[in-house]
Amino acid sequence: MSHYSPAPLLTLTPNPALDLTGHLDLLQPGVVNLMNAGHLHPAGKGINVARVLKDLGAHVRVGGFLGAENQAPFHALCQEQALEDAFLVVPGATRINVKLVEQDGRVTDLNFPGVEVGEPELQRFEQQLLTLCHGVDYVVLAGSLPRGVSPQRMQTWLGALREAGKRVLFDSSGAALAAGLEARPWLIKPNEHELADWAGEPLADGEALMAAAEALQARYQIEHVVVSRGADGVLWLAGDTWWRACPPRMQVVSTVGAGDSMVAGFAWGLNQHWDPEQTLRLASAVSALAVTQIGVGIADHKQLADMMASIQVARIR
Ligand SMILES: Nc1ncnc2c1ncn2[C@@H]1O[C@H](COP(=O)(O)OP(=O)(O)O)[C@@H](O)[C@H]1O
Ligand SMILES: O=P(O)(O)OC[C@H]1O[C@](O)(COP(=O)(O)O)[C@@H](O)[C@@H]1O
């Protein structure tokens, strides 16, 4: 695999999180649940994407908002992983998101609202935005929005990035996704539930997902629509071509971070000008490996190469 990186990448995480992952046999609401093990680490969508990109060999700049009260682990992560740290610090504490993983691999997410970002910090972020993308072709903007950042405000960031000629990979949900679409990001990665939310109806099978993705693409003229389907793999509408990838059956430890790993794989392959098949193999392989661990990152490049070879990829239309 080539480690040549033509341009640095920027990931933006408006609403980072410390992920507190707890393992237990069976989650029972309304009673005391005893956890078998726990793990706390800095995370959030763009940060997870950045970690994977770094492991793939990229130069990565990371931005977004961190709460002053518990910022240390995020800066330490940037230092350890050699991520270029461009976070803005705001008053308050970054949220802790709780991930409860049961024996059978089911995950219950308790995602909290996050810090409150004031107008002065928002303006500072906006003033820095274009400087942050200096030399960058691909920008990842991912995750939910903290209080104080409206979907419309975030839409203006996407618009500014587009105007500046950046290709934005945008991964969000709900109102932020709906607003972001209007600014025509270059690639979006809804999972099947997020796509069904957008469509306003259940999407029962691959055909229904593909029809919804095509409707979305036609309405907003978005180049790439990546629909992730958990253990069932991924469907990718690249321009007017459909690709599908299926991972092998994995031993799941935690599915948290699978989507972010997939976005990282796409960002890397596209930034490296890889062909679509190789890009999809990589994105599927890093995300399949992500479910075998807590958190994200590539522990073993040989294992990644083996996994890439075992992904079934087909151009289906
Ligand atoms: N159990 C699994 N086995 C193998 N790959 C998986 C599994 N769960 C997720 N993945 C991979 O991770 C990708 C993203 O997962 P998904 O759950 O769809 O996204 P998100 O985390 O954004 O909800 C999937 O398209 C698939 O390639
Ligand atoms: O910003 P959001 O949408 O609240 O999501 C944040 C959560 O998503 C994660 O980035 C994981 O996302 P994926 O499982 O989709 O890859 C966690 O690390 C974090 O707690």
Side-chain angles (χ1 to χ4, degrees), residues 11-21 39-52 64-65 74 77 94-101 104-115 140-147 149 154 169-177 180 188-197 206 209 226-236 243-266 280-297 307-308 310-313:
T11 77
L12 296 171
T13 316
N15 203 12
L18 286 164
D19 277 2
L20 176 58
T21 307
H39 182 80
L40 183 71
H41 67 272
K45 290 201 158 42
I47 293 172
N48 290 342
V49 173
R51 291 189 72 159
V52 176
F65 302 102
F74 293 92
L77 175 79
T94 296
R95 64 190 171 149
I96 295 179
N97 283 346
V98 180
K99 315 284 168 180
L100 301 173
V101 184
D104 65 0
R106 185 171 78 151
V107 180
T108 301
D109 290 89
L110 307 176
N111 287 359
F112 288 78
V115 289
V140 175
L141 173 57
S144 58
L145 301 175
R147 287 170 293 173
V149 182
M154 184 227 42
L169 286 73
F170 176 56
D171 181 15
S172 198
S173 55
L177 171 63
I188 56 167
K189 191 219 70 67
N191 65 29
E192 51 195 335
H193 311 293
E194 290 159 351
L195 185 61
D197 267 0
L209 289 168
V226 176
V227 184
S228 66
R229 310 179 65 193
D232 292 333
V234 61
L235 291 162
W236 175 20
W243 293 84
R244 182 181 56 209
C246 300
R249 205 179 162 75
M250 304 300 296
Q251 191 73 264
V252 176
V253 173
S254 162
T255 52
V256 176
D260 301 340
S261 300
M262 170 148 276
V263 171
F266 272 97
L280 186 54
R281 262 185 206 288
L282 175 75
S284 298
V286 275
S287 56
L289 288 176
V291 307
T292 65
Q293 62 192 37
I294 294 173
V296 300
M307 184 58 68
M308 283 176 73
S310 71
I311 303 288
Q312 287 176 28
V313 177

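Indexing begins at 1, ligand by ligand and atom by atom, following the structure's order. Keep in mind that the numbers below use all heavy atoms, side chains included, and drop hydrogens, waters and symmetry copies.
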List every atom of ligand 2 that sits less than 4.0 Å from any heavy atom of [X], numbering the atoms from 1 in the order shown and giving each element.
X	answer
G257	11 (C), 13 (P), 14 (O), 16 (O)
G259	16 (O)
R95	1 (O), 2 (P), 4 (O), 6 (C)
V256	11 (C), 14 (O)
N111	4 (O), 5 (O)
D19	17 (C), 18 (O), 19 (C), 20 (O)
A43	18 (O)
A258	16 (O)

Of the backbone atoms (N, CA, C, O) and the side-chain heavy atoms from C-beta on, which set of A142 has a member under 4.0 Å from an atom of ligand 2: side chain, backbone, both, or neither?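 A142 to ligand 2: no contact under 4.0 Å from either part.
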If you measure from each non-hydrogen atom of E194 to ligand 2, which part falls under 4.0 Å: side chain, backbone, both or neither? neither
Are the side chain of [X] and the backbone N or O of [Y] linked by a donor-acceptor pair below 3.5 Å?
X	Y	result
T13	I47	yes
D104	R106	yes
R281	M308	yes
N191	H193	yes
N15	P113	yes

What do you reckon, does [X] have a nitrogen or oxygen under 3.5 Å from a nitrogen or oxygen of ligand 2?
X	value
A17	no
S173	no
K99	yes
S144	yes

Inspect the surroundings of CZ in R95 and state if more than 12 heavy atoms from other residues, nucleotides or ligands are less than 6.0 Å away.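 Yes, enclosed.
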Protein heavy atom at shortest distance from atom 5 (O) of ligand 2: K45 NZ, 3.0 Å
Considering heavy atoms of the protein only, find what lies nearest to atom 11 (C) of ligand 2 and give residue, atom and distance to 0.1 Å.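 Nearest protein contact, heavy atoms only, for atom 11 (C) of ligand 2 is D260 OD2, 3.4 Å.
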Considering all heavy atoms of both residues, which atom of G46 and which atom of T11 are nearest to each other, and what is their separation?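 What the structure gives for the nearest pair is O-OG1, 2.9 Å.
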Might you point out which heavy atoms bring M154 and A176 nearest each other, and give the distance in Å?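 Of all heavy-atom pairs spanning M154 and A176, the closest is CE-O, 3.5 Å.
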Separation of [Y] [atom2] from [X] [atom1] (nearest 0.5 Å):
X	Y	atom1	atom2	answer
L280	L235	CG	CG	9.5 Å
H41	L77	NE2	CG	9.0 Å
S173	E194	OG	CD	5.0 Å

Counting only non-hydrogen atoms and a 4.0 Å cut-off, the residues near ligand 1 are K189, N191, S228, R229, G230, A231, G233, V234, P247, M250, V252, A258, G259, M262, S287, A288, V291
